[in-house]
Amino acid sequence: MNQKAIRKLRLAHKYQKEALMELLPEKIRGNVLNIDKELKEIARKCITGAGIELMKELMSGGSHMDEEEQEKQQSKVKKVEID
């Protein structure tokens, strides 16, 4: 899509939101706006939190084992002395 179409879609979404807000009683408009802000914040935290965990996993070299599993793997290794 080109930039002009994207701008028109955003403007249409803005007008749609304003029209829906006009249908609500004035007493609860503020509450709806607060709920909207909180939901956006929760979604942002979920996305960034999951993204950070994914990046940590990728940067760790692909090790999918946690510390307990790594200790078990190390305890299974038999040490052999060579003369």
Side-chain angles (χ1 to χ4, degrees):
M1 264 194 248
N2 60 18
Q3 292 295 326
K4 187 176 180 181
I6 292 171
R7 272 189 252 119
K8 285 184 179 183
L9 285 172
R10 286 185 180 163
L11 186 61
H13 178 72
K14 178 183 171 186
Y15 289 153
Q16 181 183 19
K17 185 177 177 180
E18 289 176 6
L20 288 173
M21 290 302 286
E22 288 297 321
L23 293 174
L24 297 174
E26 286 186 33
K27 293 180 181 178
I28 62 170
R29 285 183 194 165
N31 295 340
V32 172
L33 291 174
N34 287 337
I35 292 169
D36 182 45
K37 289 177 186 176
E38 289 175 2
L39 287 175
K40 286 179 183 177
E41 181 68 20
I42 290 170
R44 187 187 61 80
K45 285 182 180 180
C46 288
I47 291 171
T48 56
I52 290 171
E53 289 178 19
L54 179 62
M55 286 303 294
K56 284 181 182 178
E57 184 68 28
L58 292 173
M59 298 301 283
S60 68
S63 175
H64 296 289
M65 295 186 282
D66 60 353
E67 292 178 14
E68 293 176 7
E69 290 178 0
Q70 289 178 357
E71 289 176 12
K72 288 179 184 177
Q73 285 287 349
Q74 290 175 356
S75 65
K76 291 181 182 178
V77 176
K78 295 180 183 178
K79 294 184 180 180
V80 179
E81 291 183 25
I82 300 176
D83 293 323

Item to complete: Is it possible for you to say whether I28 and I35 belong to one hydrophobic cluster, with membership spreading through side-chain heavy-atom contacts below 4.5 Å?
Response: no
Response to the item:
Value for CG (L39) from CG (N34), rounded to nearest 0.5 Å, stands at 11.0 Å
Worksheet item: Should E41 and R44 count as an ion pair when the cut-off is N to O under 4.0 Å?
Response: yes
Worksheet, complete the sentence: One should read off an interatomic distance between E18 CD and H13 NE2, to the nearest 0.5 angstrom, of 10.5 Å
Practice prompt. Tell me whether M55 is reachable from I52 by hopping between hydrophobic residues (I, L, V, M, F, W, Y) whose side-chain heavy atoms are closer than 4.5 Å.
Written response: no
Worksheet item: Looking only at heavy atoms, what is the nearest atom pair of E22 and R29, with distance?
Response: O-NH2, 3.3 Å
